[in-house]
Each structure stands twice: as C-alpha cells, then as structure tokens.
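Accompanying notes for the structure given below.
Below, all heavy atoms of this structure are taken into account, side chains as well, without hydrogens, waters or symmetry copies. Just so you know, residue 1 is the first one in the sequence shown, and it goes up from there.
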Amino acid sequence: PSLIVADFDSYDDPHMDVETITLPVAKDDTDTVYAMHEGIRRCYKDFLIIGAIGARLDHTLVNVYILTALENSGCRGTIIDDYSEMELVTDRACVSDEYPFFSLVAMEGPVRGVTIKNAKFEIEDAVIGPDYQYATSNEPLPGMTSEITVKEGRLLLIKITE
C-alpha cells in the first residue's frame, strides 16, 4: 500500500515504510469511513474496498453503504470479498456468465424501471423496494451476459464469485 489508515485496535501496526495515519480507537466512524474521506480529500475517484465484509454485521452494513457515499461524492466504489463483488447500479450494469449468481438489493427506497435481460429470471420496467427484495439469486444465461438497467434509484449489485 501507499497509505495505511487505521486505529490498529484489531491488528498491529505493520510499521511499513509507507505513509500511515493512525486514528484514535474511540471515534464516531469506522476506519474504512475515515479512509474513504481521506481518499476523497486526495481527489481519488475509483475505490476498491477489500476486507470490508466480515463477521460484524454493523460494520458490514456501514461498509456497503460507503458505496452510496462514494457515489454521492462523484466517485465509484467496488467491494470485493472472498465470495462476491459489490457495486451500485444507477443506470446500467452487466454480469457475465463467469458469475454463477447475482442479486439486486434496493437499499434506499423503491427503484423504478428495473429491467433484467439474458438471465434466468428476466423482468421489465419493474419496481424493487426495500420491503420486497425479489431480485435475489438470479443467474446469467449460459454463454450470455446479463444486462441490468435502472431508470430511477440505486440498486446494490452483488455478483457471486463462487
């Protein structure tokens, strides 16, 4: 890494020869949120977040919502863990058949005009809301790339890698 941002409460400072920002342990935000703000302050536009999904559901949810904060700041974020890749869809996204499954999750309210093509479960001009998440565990058709379009709102796209 070229920058480390952490409070080192769950991992020892690696004392690497790189810039390190040591955060206080007692604070209002997670280390990942602080790192996001620092990256935005340094004018980064693309963020790859690794190690943000784990056993703590509270931290996991906050880290997933970082994708929304990044987009609101004019940035793009992707979260990768051992089993999936996550990104926001606000207009168009594709999922190749190298991913066995994908899910779409409405995170903020109703998402309108959702169309899924070239998938086992296709929909056209649908509404997906947080109260009824019916776009879970879809599958790209063999040899094809699924196409997802959204007219209004944001969906979390989760591409399953295993």
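Contact annotation: the side chain of Leu157 never approaches that of Met86 to less than 4.5 Å [non-hydrogen atoms, C-beta and beyond]. Side-chain atoms of Pro1 and Met16, non-hydrogen and from C-beta on, do get closer than 4.5 Å to each other. Within the 4.5 Å cutoff, no side-chain heavy atoms of Ile50 are placed close to those of Asp81. A 4.5 Å side-chain heavy-atom check between Glu71 and Thr90 finds at least one atom pair inside the cut-off. Looking only at side-chain heavy atoms (C-beta outward), Asn138 and Ile116 come within less than 4.5 Å of each other. Inter-residue side-chain proximity for Val114 and Ile123 is flagged as met; some heavy-atom pair is nearer than 4.5 Å. You'll find the side chain of Thr78 stays beyond 4.5 Å of the side chain of Phe47, heavy atoms only.
Residues Leu155 and Ile160 are members of separate hydrophobic clusters, defined by side-chain heavy-atom contacts under 4.5 angstrom among Ile, Leu, Val, Met, Phe, Trp and Tyr. Using a 4.5 Å cut-off between side-chain heavy atoms of Ile, Leu, Val, Met, Phe, Trp and Tyr, with links allowed through other members, Leu88 and Ile49 fall into the same hydrophobic cluster. Val111 and Met107 are members of different hydrophobic clusters when ILVMFWY side chains are connected at heavy-atom separations under 4.5 Å. Using a 4.5 Å cut-off between side-chain heavy atoms of Ile, Leu, Val, Met, Phe, Trp and Tyr, with links allowed through other members, Val150 and Val105 fall into different hydrophobic clusters. Cluster annotation: Tyr65 and Ile79 are assigned to the same hydrophobic cluster (Ile/Leu/Val/Met/Phe/Trp/Tyr, side-chain heavy-atom contacts under 4.5 Å, transitive).
Smallest separation of non-hydrogen atoms from Cys75 and Ile40: SG-CG1, 4.1 Å. Ala119 and Ser146 get closest at one heavy-atom pair: CB-OG, 3.6 Å. Closest non-hydrogen pair, Ser96 versus Pro140, comes out as O-CG, 3.5 Å. When all heavy atoms are compared, the tightest approach of Cys94 to Glu147 is SG-CG, 4.5 Å. Nearest heavy-atom pair, Ala6 versus Asp31, reported as atom, atom and distance to 0.1 Å: CA-OD2, 3.6 Å. Scanning both residues, Ser137 and Ser103, for their nearest heavy atoms gives N-OG, 2.8 Å.
Residue pairs meeting the ring pair (Phe, Tyr, Trp, His ring centres under 6.0 Å) criterion with at least one partner in residues 109-145, sequence neighbours excluded, are Tyr132-Tyr134. Contacts classified as salt bridge (charged side-chain N to carboxylate O under 4.0 Å, His left out) and involving residues 101-118 (residues at least two apart or in different chains) are given here: Glu108-Arg154, Arg112-Glu152. Screening residues 50-61 for salt bridge (charged side-chain N to carboxylate O under 4.0 Å, His left out), with sequence neighbours left out, gives Arg56-Asp58. Annotation: side chain to side chain donor-acceptor pair (under 3.5 Å) contacts involving residues 35-49, sequence neighbours excluded, comprise Glu19-Arg42, Glu38-Arg41, Glu38-Arg42. Within the structure, salt bridge (charged side-chain N to carboxylate O under 4.0 Å, His left out) pairs that include any residue of residues 131-145 comprise Lys120-Glu139 (at least two apart or interchain).
Judged by distance alone, with hydrogens and angles left aside, the side-chain atoms of Glu85 form no donor-acceptor pair with the main-chain N or O of Ile158 at under 3.5 Å. The main-chain N or O of Thr145 is found under 3.5 Å from a side-chain atom of Asn118 such that the two form a donor-acceptor pair. The main-chain N or O of Gly143 is found under 3.5 Å from a side-chain atom of Asp97 such that the two form a donor-acceptor pair. A distance-only check finds no donor-acceptor pair linking the side chain of Thr149 to the backbone of Arg92 [under 3.5 Å]. Side chain of Thr20 to main chain of Val18: a donor-acceptor pair is present (N/O by atom type, distance under 3.5 Å, no hydrogens or angles). With hydrogens and angles ignored, the 3.5 Å screen pairs a side-chain donor or acceptor of Thr60 with a backbone N or O of Gly54. Of the possible donor and acceptor atoms, one in the side chain of Asp13 sits under 3.5 Å from a partner among the backbone N and O of His15. Formation of a donor-acceptor pair under 3.5 Å by the Asn63 side chain with backbone atoms of Ala52 is found in this model.
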* **Intermediate values then yes/no, side-chain contact (heavy atoms from CB on, under 4.5 Å), Met36 and Leu70** => CA-CA 8 Å; Met36 175 199 68; Leu70 286 168; 3.4 Å; yes

* **Derivation and outcome, side-chain contact (heavy atoms from CB on, under 4.5 Å), residues Leu67 and Leu156** => CA-CA 9 Å; Leu67 297 175; Leu156 176 66; 3.7 Å; yes

* To do: Carefully, step by step, assess Ile148 and Phe102 under the rule side-chain contact (heavy atoms from CB on, under 4.5 Å).
  => CA-CA 11 Å; Ile148 302 155; Phe102 68 93; 3.9 Å; yes

* Would you sort out whether Glu98 and Lys159 count as a salt bridge (Lys or Arg N to Asp or Glu O under 4.0 Å), showing the intermediate values? => CA-CA 10 Å; Glu98 72 181 278; Lys159 298 182 275 189; over 6 Å; no

* Worked check of side-chain contact (heavy atoms from CB on, under 4.5 Å) between Asp7 and Thr22 -> CA-CA 5 Å; Asp7 62 16; Thr22 302; 6.0 Å; no

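By the 4.0 Å N-to-carboxylate-O rule, Lys151 lies close enough to Asp125 to be salt-bridged with it.
Among residues two or more places apart in sequence or in another chain, the side chain to side chain contact (heavy atoms under 4.5 Å, CB included) test is passed with Asp29 by Val33, Tyr34.
Atom CG of Leu23 and atom CD1 of Ile21 lie 7.0 Å apart (nearest 0.5 Å).
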